Amino acid sequence: SNHLQSFQQFHDRLLTGYAEIMSGDRNTLFKMKELWCYMSKSFTNPEKYLKKIKKTERLAEYYVIVDTLFREQELQQEWS
């Protein structure tokens with residue numbers, strides 16, 4: 001859906017912004033993990049992705065997890 005696309009673009013802009021000003025994967029991921037506490041509430045079934053996001057230490061892996069989440073999950077009704 002369009003909303004999902006907008007959400008992903010928003011996420012990607014945030015991630016790029018943090019990656020530019022933070023040094024290293026860990027600091028960037030720390031910020032993104034904080035945000036996912038809130039962002040995950042927008043999705044229908046985020047638990048298993050959230051667990052992986054919280055565990056990952058590498059941005060490369062983070063990208064894959066989040067990409068999968070955006071592909072496989074839908075937004076809650078009030079968002080779509």
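These numbers come from a predicted model, not from an experiment.
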**OP:** Spell out, as yes or no, whether a donor-acceptor pair under 3.5 Å connects the side chain of K52 to the backbone of K48.
**Re:** no
Original post:
Sequence neighbours excluded, which residues qualify as side chain to side chain contact (heavy atoms under 4.5 Å, CB included) partners of K31?
Top reply: Y18, M22, E34
Would [X] and [Y] show up in the same hydrophobic cluster when neighbours are defined by side-chain heavy atoms closer than 4.5 Å?
| X | Y | value |
| --- | --- | --- |
| V64 | I53 | no |
| I21 | L15 | yes |
| Y63 | I65 | yes |

**OP:** Determine the minimum heavy-atom distance between A19 and T28, stating which atoms define it.
**Re:** CA-OG1, 3.7 Å
Original post:
What's the shortest heavy-atom distance between S40 and P46, and which atoms?
Top reply: O-CG, 3.3 Å
Original post:
Crowded around K33 NZ? As in, over 12 foreign heavy atoms under 6.0 Å?
Top reply: yes
Subject >> Heavy-atom neighbours of E74 CD exceed 12 at 6.0 Å >> reply: no
Subject >> Test salt bridge (charged side-chain N to carboxylate O under 4.0 Å, His left out) applied to D67 - qualifying residues, sequence neighbours left out >> reply: R71
**OP:** Tell me, please, which residues at least two apart from Q73 pass side chain to side chain donor-acceptor pair (under 3.5 Å).
**Re:** T44
Original post:
Partners of T68 by side chain to side chain donor-acceptor pair (under 3.5 Å), sequence neighbours excluded?
Top reply: none
Measure the spacing between [atom1] of [X] and [atom2] of [Y] and express it to the nearest 0.5 Å.
| X | Y | atom1 | atom2 | result |
| --- | --- | --- | --- | --- |
| S42 | L75 | OG | CG | 6.5 Å |
| D25 | F30 | CG | CZ | 15.0 Å |
| F7 | D12 | CZ | CG | 11.0 Å |
| N45 | L69 | CG | CG | 10.0 Å |

Would you list the atom pairs, donor with acceptor, under 3.5 Å between side chains in residues 54-62 and any protein atom, with sequence neighbours excluded?
unit_1, atom_1, unit_2, atom_2, d
T56, OG1, R58, N, 3.2
T56, OG1, R58, O, 3.2
T56, OG1, E61, OE1, 2.7
E57, OE1, R26, NH1, 2.4
Y62, OH, H11, NE2, 2.6
Y62, OH, W36, NE1, 2.7

Original post:
Is it true that F70 and Y49 have ring centroids separated by less than 6.0 Å?
Top reply: no
